[in-house]
Amino acid sequence: MARKSGNLTSATETLEPHLAAFVAQAPMALCMTDTNLDLIQVSPKWLQTVGLPREEVVGRSLHDVLPGSSELWQGNWARCLAGEIINAERVSVKLPDGARGWFQIEVHPWRDAAGVIGGAMISSQDVTDLTHALEESKRSEQRLNLAASLADVHVWEMDFRRKQLFKFGAEDDFYETPNTFELLNEDIYRNIHPDDREHAMAAWKEHEEHPEIPYNVEYRIKRSDGKEIWGCSTTEVLIDEKGRPSRVVGALQNITARKLAEAAMARALDEAEAANRAKSEFLANMSHEIRTPMNAIIGMAYLALRTDLTPQQKDYVNKVHQAAKALLGIINDILDFSKVEAGKLELEQVRFRLEDVYGNSLTMLRQRAQEKEVELLLDLSEPLLLDKANSLLGDPLRLGQILTNL
C-alpha cells in the first residue's frame, strides 16, 4: 500500500541530490528506504529484479514489495538504522511473480547533510545461478563420495600450489589416522607396509622411466593394530607449464577380500597337492609291497610248470601262473599311475622289435579270449617284420601297456 505523498516528499527532501541521482542511475540492483523502510529511490536493475515498474514501487514499504523480508531480517533493520552495516552472503527472497531467488545483500545506513541517519541503502546481487551451481556441485560431490564409499575406493589429490589435500571416499577403511598434506608431502609412501614399500617404489620408478606404463601397484597398508588391509593404488602426477609437478591424483581400492580369497585358494591347492602326493606315495609303496609276493608266486608257478605234472595239475598251475602275471600287470599299472601323478614316470629308449611287443601282449590276453570263445590272431604285414638291424627305438613296456588297454 502506498505511503502518504507528504511523508515521501519529506524523505526525499532530506536525501542528498547527488546520492539520489546515483541510486536512480546505478547499474547494480540498489534501493533506498527511509527510517520506516518505505522505498524512496530505486535503480533500474533493482526494478528489473523485482519485475515491477517504478510507480508501483516508490512510496511502498519494502516488506510489501518483497513479502517475507520482515521475518527474514527481523532485528537486522533496527541494527542498520542504529548505524551498523549488515552483510548476508546468500538470502532467499520470494519475488512478486512467486519465484524464489537467492541474493547477496549488503545494507548500509545512509546519512543526510547533518549526519543524521535517514534510512537504509540496500545493494543486492543475484546469485541464484551460482547458488544452484554450488548446490549441484555439492550433490555431485555427495554422489561421488557415496559411490566411492560403496566401492571401497579412496580418492585423493595433493595440490602443491595451494598446499592442500582434497579427499573423499572410504579413507577410514584404510588408515587409522587421516592423511594431511604435510604428512604426505614429507613421505608419500608413509602408509605402505614396510615389507611392500620397496616394491611400490620400484613400480613408480618404472612408471617414471616408461610413462606409457601406468602406476598400478598392490600393497598392504601400514597399521599398528595388526589388521591386514590390501589396497590397489593408481596414481598420476600432473605437470604444469614449467615442467613442475602441480598436483598428484590417486585412487586406492580395497582388495583385501580378493587377497584373502587368493591366499585361501593357494592354501587349498597346497593341501590338495600334498594329499595327492601322499596318495601317490601310498600307491607306490603298496604296489612295491604286493609285487614282492606276486613275483614269488609267478616264479614258483614257473618252476612248478617245469616239473612232472599230470595234465590236470599242469592246467591248474598254468592258470595260477597266468592269473599272477595278469595281477602283476595291474599292480604295475597302479605303480605307473602313481609315477605319472608324482611326475616321476620316465620312458626308456631301447631297441626292440614290434612283433615281440605284439606277441607278448597277445600271450597275456589269449587265455581271456579263449574263455570268451574269441579267436585272437596276430597277422603282421611284411614291412612290420623288422629284423634286429632295423628295430625300433623306444619303450616296449609302455607300448605293450597301450596295446593291452586297447
Side-chain angles (χ1 to χ4, degrees), residues 133-271 273:
L134 289 174
E135 290 177 349
E136 180 59 31
S137 176
K138 185 177 181 180
R139 286 194 293 267
S140 297
E141 183 177 347
Q142 290 172 341
R143 288 192 292 265
L144 286 173
N145 194 44
L146 178 60
S149 298
L150 292 176
D152 265 348
V153 175
H154 170 54
V155 181
W156 55 275
E157 177 185 330
M158 289 182 67
D159 191 324
F160 293 106
R161 292 179 176 176
R162 299 181 182 179
K163 298 188 182 303
Q164 290 179 335
L165 175 66
F166 303 95
K167 53 188 177 179
F168 65 87
E171 182 183 24
D172 295 341
D173 292 350
F174 295 96
Y175 310 126
E176 298 172 277
T177 304
N179 282 319
T180 64
F181 177 86
E182 290 73 21
L183 290 174
L184 290 180
N185 192 44
E186 180 181 349
D187 181 10
I188 201 167
Y189 298 101
R190 63 182 300 272
N191 298 305
I192 301 178
H193 192 283
D195 294 343
D196 299 337
R197 178 175 290 204
E198 185 176 348
H199 167 62
M201 295 174 72
W204 181 254
K205 183 178 180 182
E206 183 182 20
H207 171 66
E208 284 186 317
E209 295 175 351
H210 306 281
E212 70 277 6
I213 301 177
Y215 179 74
N216 195 311
V217 64
E218 298 177 357
Y219 54 74
R220 288 165 293 175
I221 306 300
K222 183 178 68 175
R223 297 178 65 95
S224 62
D225 58 3
K227 187 177 181 180
E228 185 173 87
I229 301 293
W230 278 88
C232 179
S233 176
T234 302
T235 305
E236 183 175 354
V237 177
L238 303 178
I239 306 299
D240 62 15
E241 62 280 359
K242 296 182 179 180
R244 298 173 302 185
S246 60
R247 290 184 297 153
V248 177
V249 182
L252 188 64
Q253 184 176 18
N254 193 330
I255 59 170
T256 306
R258 174 166 68 82
K259 284 295 184 178
L260 292 177
E262 289 175 355
M265 186 179 297
R267 288 194 299 269
L269 182 60
D270 290 341
E271 292 172 359
E273 290 178 348

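This is a predicted model, so every value here is computed, not measured. Throughout, numbering of the chain's residues begins at 1 and tracks the sequence.
- Side chain of Glu171 to main chain of Asn179: a donor-acceptor pair is present (N/O by atom type, distance under 3.5 Å, no hydrogens or angles).
- Asp173 CG to Thr256 OG1: the interatomic distance, rounded to the nearest 0.5 Å, is 9.0 Å.
- Taking all atoms of both residues into account, the shortest heavy-atom contact from Ser246 to Ile239 is OG-C, 4.3 Å.
- A distance of 12.5 Å separates CH2 in Trp156 from CZ in Phe174, rounded to the nearest 0.5 Å.
- Taken from CG in Asn254 to NE2 in His154, the straight-line distance is 12.0 Å, to the nearest 0.5 Å.
- Of the inter-residue distances, the one linking Met158 atom CE with Gln164 atom CD reads 11.5 Å to the nearest 0.5 angstrom.
- The two atoms that bring Pro178 and Leu183 nearest to each other are O-CD1, 4.2 Å, heavy atoms only.
- The neighbour count for Glu176 CD, taken as heavy atoms of other residues, nucleotides or ligands under 6.0 Å away, is above 12.
- Ion pairing between a basic and an acidic side chain is recognised when a charged N comes within 4.0 Å of a carboxylate O; Glu262 and Arg258 show such pairing.
- Glu218 and Lys259 are joined by a salt bridge, as a carboxylate oxygen and a charged side-chain nitrogen come within less than 4.0 angstrom of each other.
- Between the CD1 atom in Ile192 and the CZ atom in Arg220 there is a gap of 11.5 Å [rounded to 0.5 Å].
- More than 12 non-hydrogen atoms from other residues, nucleotides or ligands lie less than 6.0 angstrom from CZ of Arg190.
- A salt bridge (charged side-chain N to carboxylate O under 4.0 Å, His left out) check over residues 205-214, counting only residues at least two apart or in different chains, returns nothing.
- The local environment of CD in Glu186 is sparse, with at most 12 non-hydrogen atoms from other residues, nucleotides or ligands closer than 6.0 Å.
- Side chains of Asn191 and Tyr175 form a contact here, defined as non-hydrogen atoms less than 4.5 Å apart.
- Distance check, rounded to the nearest 0.5 Å: CD of Gln253 to OG1 of Thr234 gives 8.5 Å.
- Taking all atoms of both residues into account, the shortest heavy-atom contact from Tyr219 to Ala200 is CD2-CB, 4.3 Å.
- With a 4.5 Å cut-off on side-chain heavy atoms, Asn185 and Phe160 count as touching.
- With a 4.5 Å cut-off on side-chain heavy atoms, Trp230 and Asp196 count as touching.
- When all heavy atoms of Asp159 and Arg247 are compared, the pair lying nearest together is CA-CG, 4.1 Å.
- Residues Thr235 and His207 are not in side-chain contact: their nearest non-hydrogen atoms beyond the backbone lie 4.5 Å or more apart.
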- Message: For Leu184 and Val248: C-alpha separation, side-chain torsions, deciding distance, then whether side chain to side chain contact (heavy atoms under 4.5 Å, CB included) applies.
- Response: CA-CA 11 Å; Leu184 290 180; Val248 177; over 6 Å; no
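- Salt-bridge check for Arg223 with Asp225: passed, with a basic side-chain N closer than 4.0 Å to an acidic carboxylate O.
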